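Worksheet: one structure, shown below.
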Amino acid sequence: MKVIVLGGGVIGLTSAWYLSLQGHDVTVVDRQSECGKETSFANAGQISYGYSSPWAAPGIPLKAMQWLMQEHAPLKVKPSLSPSMLSWASKMLSNCRSSHYSTNKSRMLRLANHSQSCLTELRAKTGIEYQGRQLGTLQVFRNPKQLIAIEKDMALLQQSNTEFSLLDTEGCVEKEPALKRVQDKVVGGLHLPNDETGDCFLFCQQLTELAKQSGVDFHFNTDIHSLTAKNGSIESVETSIGSLRADHYVVACGSYSAKLLAPLGIKLPTYPVKGYSLTLPIKCIENAPLSTVMDETYKVAVTRFEDRLRIAGTAELTDFDLSIPERRTATINRVVNELFPDVGDFEQAEYWTGLRPMTPDGTPIIGETPIKNLFTNTGHGTLGWTMACGSGQLLADIISQKSPSIEHHDLGMQRYSR
């Protein structure tokens, strides 16, 4: 069958890859000049299987109110009466109950663990290189209350057979020796040994070449205008290079998926949550982390590449604004300077921002839509690369009408109509 995948980020690309492996004739359409140029371009560099958690968690409503008054806060909200923002925020807050959090985190861990298996297999079979490291993630706590709060997450990690260990300050320094200089700031940490790191954009470049060799066609520099429906099916996709036709269509346009689907009467409950990153050349190896260190207080990740650091964080509700105000980069600057002082060359600092497509419950939307030949693979929020391979493989099974390796019915958009 011929399948058109709309979107060339890490989600659309992995969708195309796994569809091609199952024998489909696949075409990817993207407005950029190559894959991975938007949200995948300068993300945190984390492949965080064990850190897969919904933002909607017990206690978040109170914390959000407190964060609004703080200069360096994980969440920022640009004052707005945007109906889409208000609708998404209200649904997100309704998911902050303990029962919903447990259900949503379990779903996310199920998909993340499946994705780990898929990426491991992909790496073994293709030898794909993306400056990857398999050294785990260390989530560091500055406050003793955070050690108490993490107990519920550890129970869910245990239920999903996810490896972890709770560490004291000395244990954190043993995992990440560069923290010794600031150990007075760390009261403990959660180590997730199976998490990985790497350059997502480099991964996309490498996988694009592998996909081309596998027969996938790419239409870059091509704007996607609309989908044309007729008799309950998609007939074509209208683009800047004309109408393109296929048997099946996959919408993997990240934060722009909802706009594309809205004219068809499909209401996708996603919102573009803005994030920021800093890429910093390492000038002192001894002061650098070995893998990823996640600062739980500020929700900022510091990830090691070969000769660079990627520092990423902040969630800002500001619709589709892609500006980079200095007051927003101040938090990621603060974290790297506090945890790893004198590590990088700020004269060569590169700042970036991207829009993460977030669902109210944190779980992506993968699978069928009310239109029989139209499918979605979107809504992964901050965990796009973490869940990319598993999501692509799952979607390929669904389209091919194969029995998927994991339960998937609660990952589709139908869960919002219940």
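Small disclaimer: the values here were computed from a predicted structure and weren't measured.
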State yes or no: are the ring centers of Tyr101 and Trp55 separated by less than 6.0 Å?
-> no
Asn377 and Ser15: side-chain donor and acceptor closer than 3.5 Å?
-> yes
Do you know the tightest heavy-atom contact between Asp195 and Tyr49?
-> OD1-N, 3.0 Å
When the aromatic ring centroids of Tyr130 and Phe201 are compared, is their separation below 6.0 Å?
-> no
Can you tell me how far the CD1 atom of Ile234 sits from the CD1 atom of Ile371, to the nearest 0.5 Å?
-> 4.0 Å
Using the side-chain contact (heavy atoms from CB on, under 4.5 Å) rule, pick out the option among Leu6, Ile266, Ile4 that qualifies with Leu227.
-> Leu6
Between atom CD1 of Ile311 and atom CG of Leu280, what is the distance when rounded to the nearest 0.5 Å?
-> 5.0 Å
So with a 6.0 Å cut-off around NZ of Lys372, is the heavy-atom count from everything else above 12?
-> no
What is the minimum heavy-atom distance between Asp397 and Pro404, and which atoms define it?
-> OD2-CA, 3.7 Å
Heavy-atom neighbours of Gln158 CD exceed 12 at 6.0 Å | no
Between Thr353 and Lys274, does a side chain to side chain contact (heavy atoms under 4.5 Å, CB included) hold up when you go through it step by step?
-> CA-CA 7 Å; Thr353 189; Lys274 188 178 181 182; 3.2 Å; yes
Value for OG1 (Thr378) from CG (Leu395), rounded to nearest 0.5 Å, stands at 11.5 Å
Think Lys259 forms a cation-pi with Phe320, using NZ or CZ under 6.0 Å from the six-ring centre and within 45 degrees of its axis?
-> yes
Stepwise, does the side chain to side chain donor-acceptor pair (under 3.5 Å) test hold for Glu235 with Thr228?
-> CA-CA 6 Å; Glu235 186 177 55; Thr228 301; 5.9 Å; no
First locate atom CZ of Phe375, then atom CD1 of Ile398, and finally report the distance between them rounded to the nearest 0.5 Å.
-> 8.0 Å
Is it true that atom CD of Glu129 has more than 12 heavy atoms of other residues, nucleotides or ligands lying nearer than 6.0 Å?
-> no
Taking all non-hydrogen atoms of both residues into account, name the closest pair between Ser291 and Gly136 and its distance.
-> OG-O, 2.6 Å
Give the minimum heavy-atom separation between Pro360 and Tyr416, together with the two atoms involved.
-> CD-OH, 3.7 Å
Atom OG1 in Thr120, atom CD in Gln134: separation rounded to 0.5 Å?
-> 8.0 Å
Kindly determine whether Phe164 and His191 satisfy ring pair (Phe, Tyr, Trp, His ring centres under 6.0 Å), including the steps that lead there.
-> CA-CA 6 Å; Phe164 67 91; His191 187 245; over 10 Å; no
Aromatic rings His72 and Tyr298: how do their planes relate, parallel, tilted or perpendicular, breaks at 30° and 60°?
-> perpendicular
To the nearest 0.5 Å, tell me how far Leu322 CG sits from Trp352 CH2.
-> 9.0 Å
Closest heavy-atom pair, Gly384 versus Ile11, reported as atoms and distance to 0.1 Å, is O-CD1, 3.4 Å
Apply side chain to side chain donor-acceptor pair (under 3.5 Å) to the pair Glu296 and Asn143, showing each step before the final yes or no.
-> CA-CA 9 Å; Glu296 177 62 15; Asn143 189 315; over 6 Å; no
Shortest non-hydrogen pair, Gly50 vs Lys105, comes out as O-NZ, 4.2 Å
Under the side chain to side chain donor-acceptor pair (under 3.5 Å) criterion, do His380 and Ser391 qualify, and how do the steps go?
-> CA-CA 9 Å; His380 295 75; Ser391 298; 2.9 Å; yes
Look at atom NZ of Lys152 and say whether more than 12 heavy atoms of other residues, nucleotides or ligands are closer to it than 6.0 Å.
-> no
Are there more than 12 heavy atoms of other residues, nucleotides or ligands under 6.0 Å from atom NZ of Lys212?
-> yes
